[in-house]
Amino acid sequence: MKPMKPRKKLVVIGNGMAGVRTVEELLKIAPDLYDITVFGAEPHPNYNRIMLSPVLAGEQTLDEIVLNRVEWYAEHGITLHMGKAVTEVDRSRRLVTAADGTQASYDRLLLATGSQPFVLPVPGHDLEGVISYRDIADTQAMIEATQKHRHAVVIGGGLLGLEAANGLNVRGMSVTVVHIGEWLLERQLDREAAQLLKTTLAERGLQFALHAHTAACLDDGQGRVRAVALKDGREIPADLVVMAAGIRPDVRLATAMDLQCNRGVLVNDTLQSLTDPRIYAVGECANHRGTAYGLVAPLYEQAVVCANHLADFGIGRYLGSQVSTKLKVTGIDLFSAGDFMGAEGTDQIVLRDPVRGVYKKLVLRGDVLVGACLYGDIHDGSWYFDLIKQAQSVGPQRDTLVFGADPVSDAAGTPASTPAAG
Ligand SMILES: Cc1cc2nc3c(=O)[nH]c(=O)nc-3n(C[C@H](O)[C@H](O)[C@H](O)COP(=O)(O)OP(=O)(O)OC[C@H]3O[C@@H](n4cnc5c(N)ncnc54)[C@H](O)[C@@H]3O)c2cc1C
């Protein structure tokens, strides 16, 4: 019998969405190529991070959002080190060491360390009751706080902040969203759609301080936060403060390993680090052609290409991703993609139906759809998104485009609407 070729060793740092997705893709195409070891700082198997918001809102349980149970790793011969953060990688010896001393050597290394929440460095940011929103521990801390405390402030009116605010509100807290921008979700919505969103959220009980700058988190005298002070002098009572003011690629380890980083580990089109071809990076910790993504769709695309390269197939290039936006607040439908604000040289087709609370804005450059912003009816969001990605002329459809993929039934359902070219 021919002796079996020894397997190569793959070590994955980060047991989150990108790392494990890459492993899944690799197992599909080269199940026997590697002995795989996964290190995860969190004491959990891989779970669907984006579903933390439904967990916070009481719509799902933590158990329901687990993507790969511990048994899955065992079934695939993967050594899983849960709750073990890697603190050191010796690139010359190709050796990984975790905080507790656990070691693993590698032939190829995959970095998938995700992001760190950005904590505003204001006075009081380290008080008890001031947290960020990234993982199961944060979600549990918020749920616990809702059982003991009454007032919450969420700093940041982006997707994450609004989902946090909604969850806390649903669980009975009085919540104020403090947002530096002039309108909510200014990176995802135009002012008009954002106003509709704000009205709906306000009807549900959320309060807002827009265009507001946080000055400090104030101490209750016993080390817990009691209020958020704004630069305009206002004080908003808060016994829980959730900072949702952005994320930063987690490159602490990569930097210590002397990998070239600039807002993420710099990678090429096969997701190999520019510094060391044995080392790959995927997900939010990677910077590809100047972009570090903060959403899951790009990392799924990266995972396919990276797995392909790890499998020694060598084909497949990652060329970047187009992203679209949704908010996971039950009963609120919004969608945007592309150049939804409408840069110079673009036209807009706008449909407003105040009765149904529907707003649709399509942005075209010539006859090519380049952006969409939808509120209240997102039925055609993915269709518009496909058109944006295809970047082809929509010429013949232009007149009915705003009514969606099935304009007859859509138009029939919106008798009061008139599209207006703007
Ligand atoms: C509440 C919430 C809601 C979201 N909703 C959406 C959404 O609706 N749509 C969307 O597209 N995206 C959403 N996102 C973003 C999405 O979750 C991320 O884009 C995705 O999880 C990134 O995957 P990743 O593997 O790069 O990072 P992560 O999933 O964060 O995984 C990284 C893992 O690496 C671990 N790690 C870091 N350093 C080390 C180390 N040294 N050693 C060992 N382990 C380490 C971390 O603990 C973490 O478990 C949401 C995020 C949050 C927090």
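Read the numbers this way: they start at 1 and go in the same order the structure lists the ligands and their atoms. If you're wondering where the values come from, they're calculated on a predicted model, not measured in any experiment.
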Can you figure out which of [options] has its heavy atom closest to [atom]?
{"atom": "atom 53 (C) of ligand 1", "options": "R134, Q302, E88", "answer": "R134"}
{"atom": "atom 31 (O) of ligand 1", "options": "S324, A256, G14, G16", "answer": "G16"}
{"atom": "atom 40 (C) of ligand 1", "options": "T139, D138, V86, I247", "answer": "V86"}

- Query: Distance-only, no hydrogens or angles: does the Y375 side chain make a donor-acceptor pair with backbone N or O of L189 under 3.5 Å?
  - Reply: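 It does not hold such a pair.
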
- Query: Considering only heavy atoms from C-beta outward, does the side chain of I349 approach that of L364 to under 4.5 Å?
  - Reply: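 Counting from C-beta outward, I349 and L364 do come under 4.5 Å.
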
Atoms of ligand 1 less than 4.0 Å from [X] heavy atoms?
{"X": "G283", "answer": "26 (O)"}
{"X": "Y133", "answer": "1 (C), 53 (C)"}
{"X": "I13", "answer": "40 (C), 42 (N), 43 (C)"}
{"X": "L160", "answer": "1 (C), 2 (C), 3 (C), 52 (C), 53 (C)"}
{"X": "K84", "answer": "43 (C)"}
{"X": "E42", "answer": "47 (O), 48 (C), 49 (O)"}
{"X": "A85", "answer": "42 (N), 43 (C)"}
{"X": "L299", "answer": "20 (C), 22 (C), 23 (O)"}

Tell me whether [X] is salt-bridged to [Y], with the criterion being a basic N under 4.0 Å from an acidic carboxylate O.
{"X": "E25", "Y": "R21", "result": "yes"}
{"X": "D276", "Y": "R94", "result": "no"}
{"X": "R226", "Y": "E235", "result": "yes"}
{"X": "E192", "Y": "R352", "result": "yes"}
{"X": "D269", "Y": "R289", "result": "yes"}
{"X": "D107", "Y": "R7", "result": "no"}
{"X": "E42", "Y": "R49", "result": "yes"}
{"X": "D312", "Y": "K8", "result": "yes"}

Starting from [atom], what is the nearest protein heavy atom, named by residue and atom, and what distance separates them?
{"atom": "atom 25 (O) of ligand 1", "value": "A18 N, 2.7 Å"}
{"atom": "atom 15 (C) of ligand 1", "value": "G294 O, 3.6 Å"}
{"atom": "atom 19 (O) of ligand 1", "value": "E284 OE2, 2.5 Å"}
{"atom": "atom 12 (N) of ligand 1", "value": "I50 CG2, 3.5 Å"}
{"atom": "atom 39 (C) of ligand 1", "value": "T113 CG2, 3.8 Å"}
{"atom": "atom 28 (P) of ligand 1", "value": "R49 NE, 3.3 Å"}
{"atom": "atom 5 (N) of ligand 1", "value": "K328 NZ, 2.8 Å"}

- Kindly assign one of parallel, tilted or perpendicular to the pair H213 and H211, based on the angle between their ring planes and the thresholds 30° and 60°.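 Tilted: the ring planes of H213 and H211 meet at 30° to 60°.
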
Do [X] and [Y] have side-chain N/O donor and acceptor atoms under 3.5 Å apart?
{"X": "H288", "Y": "Y318", "answer": "no"}
{"X": "S53", "Y": "E163", "answer": "yes"}
{"X": "T102", "Y": "D100", "answer": "yes"}

Close N or O approach ([X], ligand 1; < 3.5 Å):
{"X": "A297", "result": "no"}
{"X": "C285", "result": "no"}
{"X": "G40", "result": "no"}
{"X": "A41", "result": "yes"}

- Work out whether the distance between some heavy atom of K326 and some atom of ligand 1 is less than 4.0 Å.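 Heavy atoms of K326 never come under 4.0 Å of ligand 1.
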
